[in-house]
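What follows is a single structure, written as structure tokens, with notes after it.
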Amino acid sequence: MPTRLNGAVLKVSHMCETARSSLPNQAVTEKETSRATWIKQLNAPLGEIDPEIADIIELEKARQWKGLELIPSENFTSVAVMQAVGSVMTNKYSEGYPGARYYGGNEYIDMAESLCQKRALEAFQLDPAKWGGYSKPWLGIYDLSLQKLHTDTKKISAVSIFFETMPYRLNESKGYIDYEQLEKSAALFRPKLIVAGSSAYAGLYDYAHIRKVCDKQKAIMLADMAHISGLVAAGVIPSPFEYADVVTTTSHKSLHGPHGAMIFFRKGLKEINKKGEDVMYDYEDKINKAVFPGLQGGPHNHTISGLAIALKQARTPDYKSYQEQVLSNCSKFAQCLLEKGYDLVSGGTENHLVLVNLRDKGIDGSRVEKVLESVHIAANKNTVPGDVSAMVPGAFVWEPQLCHLEGLLKKILLRLLTSLMQL
Ligand SMILES: *Cc1c(COP(=O)(O)O)cnc(C)c1O
């Protein structure tokens, strides 16, 4: 019968292989079962399994390498971080917190997460008795600056669906946050929470001032240092931790880690009340419950492991000099632009980004973004005080990420960038 015959032929071919292979007969049979080939597939490299995606990744790698990436919210993380992000840590479910999980088998996941938490406190020089913190896959309190473009019928982020928000603004002529106006608005609006943080502000925050307003209004002070956390970790700009109750940050911007986020909260003794009793901070429990089970599903353990590595790297002297270089490049670039007669919002920069106001140049941020893209320079458009559209804003932001380039090359690039601005 044909099936028999097939069977017999198969058998013969097995035997032939046996003759060549050093494996015992039964092992050779198993090697040919689908289970064995599936395992082989699982272990085969990407290029073999999926050349399409492999090519796309190579193209993206080349784009990142050949072009000039000047988007302030982006960065190049380390190979070590990427190895952790692409590791078996992605396989594990671990809802809950270290030591209190819904799934079994979290012995090593707990180790990685606890280490990440410990390093997070160390990276920002926080006392574990006074601060807690952990990482989560997303941040999401995104872009209150966009709120000013909202209308009642158009809520563009979840923040405006869940909460009633009120933006504070820059003083249009000075380009600095108008703290006096913030104080007046807060007295009328009576916020429960004030956010100190932004995505396109070239100045430093006056955290002490915002703390004062929070105390007056009995509001929680949340510092969202997403953009600047790398500079804070390196100690090259002021830290919000001295004043804030809660601090949030992404981990992939200036911090230099994998794509993720962290929350820090104060804990321990808050104050002694009029009756002489201890009042404790109660953020830990509330935030933990809001994150899980409130909002988040399974933690991204590969990201948490990658973040632990980035936080370790953030404590090295090399990291500090890298962040010093970021500040120095950025201020040189701002100087070049000012010399060419460009109007910089905030009059210059005190951090890692430059916000160029193009309105008196008769061009908008979207067009400049497109022109730069065509010559492999990635920058991003942004609104400036007084803009009416977030899609066609009057400015764009650049971060001179030229740290990996040396002397002359850096000078040439700075000149090239400033001449491109003439286009
Ligand atoms: C980037 C950023 C975030 C987080 O944005 P995601 O889209 O969640 O990554 C939050 N706040 C500020 C100020 C930011 O710049």
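Counting starts at 1 for both ligands and their atoms, following the listed order.
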Open item on the list: Is there a polar contact, in the sense of an N or O pair closer than 3.5 Å, between His259 and ligand 1?
Closed with: no
Task: Backbone or side-chain N or O of Thr250 under 3.5 Å from ligand 1 N or O - done: no
TODO: State, yes or no, whether a side-chain contact exists between Val213 and Tyr179 at a heavy-atom distance under 4.5 Å.
DONE: no
Open item on the list: Any atom of ligand 1 sitting under 4.0 Å from a heavy atom of Ser198?
Closed with: yes
Task: Options Val195, Ile228, Asp224, ranked by nearest heavy atom to atom 11 (N) of ligand 1, top entry - done: Asp224
Open item on the list: If I take atom OG1 from residue Thr249 and atom NE2 from residue His252, how far apart are they, to the nearest 0.5 angstrom?
Closed with: 8.5 Å
Open item on the list: Whether Asp127 and Arg266 form a salt bridge (side-chain N of Lys/Arg under 4.0 Å from carboxylate O of Asp/Glu) is what I want to check.
Closed with: no
Numbering as shown, the atoms of ligand 1 that approach [X] to under 4.0 Å (heavy-atom distance):
X      : result
His227 : 15 (O)
Lys253 : 1 (C), 2 (C), 3 (C), 14 (C), 15 (O)
Ser199 : 12 (C), 13 (C), 14 (C), 15 (O)

- [ ] Could you tell me whether the side chains of Thr77 and Asn75 share a donor-acceptor contact shorter than 3.5 Å?
- [x] no
TODO: Would you mind telling me if ligand 1 is within reach of the side chain of Ala261, the backbone, both or neither, using heavy atoms under 4.0 Å?
DONE: neither
Open item on the list: If you count every heavy atom of other residues, nucleotides or ligands that lies below 6.0 Å from Gln181 atom CD, does the total exceed 12?
Closed with: yes
Open item on the list: Strictly distance-based, threshold 3.5 Å: is any side-chain N or O of Ser239 a donor or acceptor partner for the main-chain N or O of Gly235?
Closed with: no
